[in-house]
Amino acid sequence: MGQSSQSLPSPQLLPGTGDADGIDDVEAVTRSVLTASRLLVAVSARSLAAVEERVTLPQFRLLVVLSAQGPAKLVTLAERLGVNPSTAMRMIDRLIAAGLAAREPNPDSRRETVLRLTDEGGTLVEDVMARRRQEIAGIVTRMARQQRIALIDALTAFNEAGGEPAAPAGRLAAAAGSYPLGWEDAPLPQRG
């Protein structure tokens with residue numbers, strides 16, 4: 001058989017990894033990203049520890065959606081979270097009872113209601129995100145300057161390849177009050 005004019009590129013080996021190691025750069029990067037994701041999940045869990053008596057992780061996600069995107073109808077929230085509307089309703093009812101969210105008339109249609117974050121809910125989201133940011137900054141500070149620069153480039157490329165919107169920087173971050181949500185454009189499969 002003749003060779004195809006379009007052959008797949010062979011995996012590139014990382015410097016210092018020979019054929020004897022059998023490790024290509026995709027595998028090595030994948031392992032490194034999985035390790036980093038464990039660290040980031042631990043940072044996220046620790047940032048939520050102070051509020052775990054008040055909200056669950058799914059409820060916190062709902063608060064973050066309201067913080068980042070403003071008031072929304074229940075069906076819209078359910079779609080953004082990838083849950084059934086009845087599940088979103090139970091979450092929002094608990095958040096309203098806790099004083100973290102509120103239901104109000106939709107200014108565009110008085111027959112509908114929209115859900116919004118209360119000041120207390122906004123403060124909770126800001127506090128959790130500040131704790132998360134502080135711990136990540138502490139980790140990054142322990143890296144050499146050249147490693148930090150390389151990490152910016154690597155993570156920017158990784159985020160772009162995954163379609164993740166960039167988090168706002170500087171004054172924009174303070175004005176936005178939160179971070180964009182990668183799951184907004186690709187909702188999770190519906191669950192009960």
Side-chain angles (χ1 to χ4, degrees), residues 3-52 55-69 77 79-83 91 124-191:
Q3 277 196 315
S4 167
S5 60
Q6 283 191 323
S7 61
L8 294 174
S10 61
Q12 300 296 310
L13 297 177
L14 291 172
T17 61
D19 289 331
D21 294 332
I23 301 173
D24 67 48
D25 68 337
V26 172
E27 175 60 24
V29 169
T30 300
R31 280 198 330 258
S32 292
V33 169
L34 287 171
T35 301
S37 73
R38 280 197 322 264
L39 173 62
L40 291 171
V41 166
V43 167
S44 293
R46 285 189 294 270
S47 71
L48 281 166
V51 298
E52 69 185 349
V55 295
T56 64
L57 178 58
Q59 290 168 347
F60 183 73
R61 279 186 62 212
L62 192 149
L63 292 174
V64 170
V65 168
L66 289 173
S67 175
Q69 300 171 355
L77 280 174
E79 287 172 2
R80 289 176 182 167
L81 294 169
V83 299
M91 284 194 295
L124 184 137
V125 170
E126 289 169 12
D127 290 349
V128 169
M129 297 306 283
R131 280 191 296 279
R132 190 173 298 176
R133 183 179 190 83
Q134 182 178 14
E135 187 170 350
I136 291 171
I139 293 166
V140 171
T141 301
R142 294 189 294 269
M143 297 171 64
R145 186 176 194 295
Q146 286 302 97
Q147 290 174 315
R148 292 192 304 259
I149 292 168
L151 185 61
I152 292 167
D153 292 340
L155 289 175
T156 299
F158 182 77
N159 291 335
E160 287 173 358
E164 181 69 13
R171 289 185 195 161
L172 213 59
S178 193
Y179 299 88
L181 304 170
W183 61 76
E184 173 191 5
D185 295 329
L188 299 173
Q190 291 278 323
R191 292 188 300 275

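The figures that follow rest on heavy atoms only: side chains count, while hydrogens, waters and symmetry mates do not. All of these numbers come straight from a predicted model, not from anything done at the bench.
- The structure places CD of E126 at 10.5 Å from CE of M129, a figure rounded to the nearest 0.5 Å.
- With sequence neighbours excluded, the residues that form a side chain to side chain donor-acceptor pair (under 3.5 Å) with S47 are R132.
- Minimum interatomic distance between T141 and R148 (heavy atoms only, all atoms of both residues): O-NH1, 3.7 Å.
- Note: R61 CZ to S67 OG = 14.5 Å, rounded to the nearest 0.5 Å.
- Residues L66 and L77 form a side-chain contact, since some pair of their non-hydrogen atoms from C-beta on lies under 4.5 Å apart.
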Result block: side-chain N/O donor-acceptor pairs under 3.5 angstrom for residues 154-162, not counting sequence neighbours:
residue: T156; atom: OG1; partner: I152; partner atom: O; Å: 2.7
residue: N159; atom: ND2; partner: L155; partner atom: O; Å: 3.1

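- Considering every non-hydrogen atom in both Q59 and M91, the closest pair reads N-SD, 4.0 Å.
- The shortest distance between side-chain heavy atoms of V128 and R131 falls below 4.5 Å.
- The CG atom of L81 lies 5.0 Å from the CG atom of L62; values are rounded to the nearest 0.5 Å.
- Atoms CD and CD1, on Q146 and I149 in that order, are 4.5 Å from each other to the nearest 0.5 Å.
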